[in-house]
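Every chain is numbered from 1 and lettered A, B, ... according to where its sequence line falls, protein lines coming before strand lines. Here the structure is a predicted model, which is why all the values come from computation and not from measurement.
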Amino acid sequence: MKMTEIAIVGGGPAGLSAAVSAAASGARVTLIERDDHLGGQLKKQTHMFFGSKKQYASTRGVDIADILQEQLAKYKDRVEIMTDATVIGIYEDGILTIEQNNKYIKMQPQRIVVATGASEKFLTFPNNDMPGIYGAGAVQTLMNVYGVKPGNNVLMVGAGNIGLIVSYQLMQAGVTVKAIIDAAPRIGGYLVHASKIRRMGIPILTSHTVKYAHGKDSLEKVTICKLDEKFQPIPGTEQDIEADVMCISVGLSPLAELLWQIGCKMTFVPELGGHVPLRNGEMETSLKGIYIAGDVAGIEEASSAMVEGRLAGLCAAKGLGYEAENYEDLRKDCLEQLNSLRSGPVGEKILKGLSKVTA
Amino acid sequence: MRIEEHPILSFKKGEKIKFSFDGEEYEGFEGDTIASALHAAGVKVLGHSHNHNRPRGFYCAIGNCSSCLMTVDGEPNVRTCTEKLKSGMVVETQKGKGVLK
Amino acid sequence: MLQNTGIPTKEDIAGVTPSLERRSKGPVAVIECYQKIPCNPCYTSCKFGAIKEFKDINDRPEVDFDKCTGCGQCVVNCPGLSIFIIDESYSDKEALVKIPYEFLPLPGEGSFVTALNREGEPVCRAKVVKIQNAKYQDRTPVVSLTVPKEYSMEVRFFNIEDYFSDNTYVCRCEELTMGELRDLIRMGYRSVDEIKRISRAGMGPCQGRTCRQLIMQELAKATNQDMKDMPMTTFRPPVKTIKLGALLGGDKDE
């Protein structure tokens, strides 16, 4: 049985930030990541981040991943990093089970921060299982991690931030984006992202959906159609778009299996992307010692995920008696940052969702 | 299908790796996953579904879904979107669900 | 509507446009950020205090155009790439538009590209006069284009392909290109006749049968005229080339 003080599940923006603040407080930390490198989805973000200096605004996501790892390296005497390691279970007695390179490892931590992130939602239409139809995140991984183009002509489904950003990244990789469609009557992502793509001549068709995907072994053509105010297809508005790639970018769901397993109180909050755990102001769930941070706590931007991570790491460490020197200031700063990131119109939905899960 | 130049990222191409896919020789680079190497070579169909025999490519690329399972070096159900490519690997389209040995 | 299409309306744009007077004085930042989002690098990166203080991180940027020097620091710091520098003092007829451009290949300095509007539609030919790509810009190069002054608030992107290039021939007899025609119009030639006299387009063997319509269309577009109101060229015989001998021989019946 491996022992550690704080186990952090997931090495993305939230998990890395939690590891930094927990280790800085003095705790022994084990960071467990299923991929062979840390950084999570940050590694795939070629664009500059929004927010303010404290959340590394104007720095590209891919570079933020490196910055967080450098911060963590300062505490390497008390940080253990396990990559290629997937937490496959958390049990009532707080024991974690991990698979790493075909080995089965048990671990007993005193605190757990679950920062597992999210998975991509799927969409229903005939032939939606055809090769050539990918999650937008998958295309990002293929392009920006492995340097491989997904195809030649792409139809992007979803005009939220991910759909808009991945469209831009596709153009940067030299791939043609034929159109971005979204069932909603309004563009969900930041309008500056939308304008940036529109001025390259890419149409953004709101109130449109996929009717049918065509192809023999893989995607060749997509029929789209217009929707009325009740999201019903309008007959006669069908049009065909020649595309060998379709990206599905219709939102994310919190990856919360581990929290269900251990028995955290969960509730369904559509504003936060699905089932999420109840939590207190310290990011602790209904179970003592089990903390959360990032998309698993509710789908938001990476900037808030990082701040939540800081907060969870700080509080988890304090729970073990490792109180950071300026703990109260740091905690307040995290809360202020989160408030400010969520204070505008785009944060309204998040705040509404959080009001349902915060004790 | 490789990105030759990128305005933001620089890709460090590793050593060339040879592997086989359904009996034919293919090439990838060190750092590739099996699925990324196949995709770069233009292979989009990685297998067929068990019940309705529908073509399957990868979908999530991070090991969440089951769309990219293949037989690798005789072992079935390998998630090829996260499994790193190694020299001499024998990659095959999987027939059936695989058997316990 | 911006929220349905990604294209800002005229009113949206009017709300962020510096006055004509300010624009003609020299370079100035135009921030096309119309939505309250949690983002403030434009404000924190401005060394001249030209962007009013953000009371809330969701505030929209408001530029004090008198303080703005058009240095371009905010252009490369804006995560939304929504800031442009406009300089209408560049020359008599042309304005400079600076655009952040994160794509490869970069155009060459001195080359011509196709300037696009906010919908990605071609507007005019533009010359690339400068590319800034210093280390501090962190892989967001800024491309300076010259465009006719009237397009300074319209051009917001470009295609590296030169749609309006010299390879587009308007008059094949006298070899007048679209670029040359546009230059003439910009210089003040305002009728088909004037264009004809300065360029010889329409005076070749075909006598304007190929080029006349194209020249009129371009003139109408560029000078905002209706074709039906525009003066036509003077038509004189012969309508086709004939041998001088035929003329010399006279009419046998005469």
Side-chain angles (χ1 to χ4, degrees), chain A residues 34-37 40-41 43-48 60-63 84 86 102 116-120 122 127-152 168-175 215-219 244-245 247-248 253 255, chain B residues 1-14 17 27-68 70 75 77-86 93:
Chain A
R34 69 175 172 182
D35 215 332
D36 67 350
H37 56 266
Q41 303 311 305
K43 293 295 267 190
K44 304 159 194 178
Q45 311 308 327
T46 57
H47 64 288
M48 293 182 268
R60 297 176 193 282
V62 55
D63 300 327
D84 284 315
T86 310
N102 284 320
T116 40
S119 65
E120 298 193 87
F122 197 29
N127 287 335
N128 62 352
D129 64 336
M130 194 180 272
I133 301 174
Y134 310 123
V139 162
Q140 234 181 4
T141 306
L142 190 65
M143 282 193 302
N144 297 347
V145 178
Y146 302 109
V148 175
K149 296 183 194 183
N152 298 312
Y168 186 74
Q169 293 179 351
L170 281 158
M171 300 294 285
Q172 286 184 317
V175 180
K216 199 169 153 273
D217 276 334
S218 68
L219 187 70
D244 57 347
V245 177
C247 290
I248 309 287
S253 319
L255 212 52
Chain B
M1 296 292 255
R2 301 264 172 192
I3 299 170
E4 294 306 328
E5 51 170 14
H6 196 283
I8 309 296
L9 301 168
S10 48
F11 299 106
K12 287 181 209 100
K13 244 187 216 168
I17 290 179
E27 271 178 7
F29 292 93
E30 202 186 325
D32 263 329
T33 59
I34 296 168
S36 74
L38 283 172
H39 203 291
V43 177
K44 285 190 175 176
V45 181
L46 305 178
H48 284 78
S49 64
H50 300 313
N51 298 327
H52 299 155
N53 196 38
R54 295 180 56 86
R56 286 277 178 271
F58 74 89
Y59 181 75
C60 78
I62 50 173
N64 277 344
C65 74
S66 63
S67 205
C68 66
M70 298 178 87
E75 188 187 320
N77 301 321
V78 174
R79 285 180 200 261
T80 56
C81 77
T82 53
E83 191 70 26
K84 287 273 180 274
L85 185 69
K86 293 195 188 84
T93 309

Verdict with reasoning, A/T46 to B/H6, per side-chain contact (heavy atoms from CB on, under 4.5 Å): CA-CA 10 Å; A/T46 57; B/H6 196 283; 4.0 Å; yes
Audit row: A/D217, B/K44, side-chain contact (heavy atoms from CB on, under 4.5 Å) steps and yes/no: CA-CA 8 Å; A/D217 276 334; B/K44 285 190 175 176; over 6 Å; no
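Proximity to chain B (any heavy atom under 4.5 Å) is shown, for A/D84, by neither the backbone nor the side chain. Contacts between A/T141 and chain B at a heavy-atom distance below 4.5 Å involve the side chain alone, from C-beta outward. Contacts of A/V145 with chain B are made by backbone atoms alone, with heavy-atom separations under 4.5 Å and no side-chain atom involved. Looking at A/K43, there are no atoms closer than 4.5 Å to chain B (heavy atoms on both sides), in backbone or side chain. Contacts of B/K84 with chain A are made by side-chain atoms alone, with heavy-atom separations under 4.5 Å and no backbone atom involved.
Taking CD from A/E120 and CG from B/N64, the interatomic distance works out to 8.5 Å, rounded to the nearest 0.5 Å. Separation of atoms CD1 (B/I3) and CG (A/N144) is listed at 6.5 Å; rounding is to 0.5 Å. For the atom pair A/R60 CZ and B/I8 CD1, the distance stands at 3.5 Å (nearest 0.5 Å).
Considering every non-hydrogen atom in both B/T33 and A/Y146, the closest pair reads CG2-OH, 3.1 Å.
Annotation: maximal heavy-atom pairing with chain B below 4.5 Å, among A/A138, A/G151, A/P131, occurs at A/P131.
The aromatic rings of B/F58 and A/Y134 sit parallel to each other, their planes meeting at less than 30°, with 60° as the upper class boundary.
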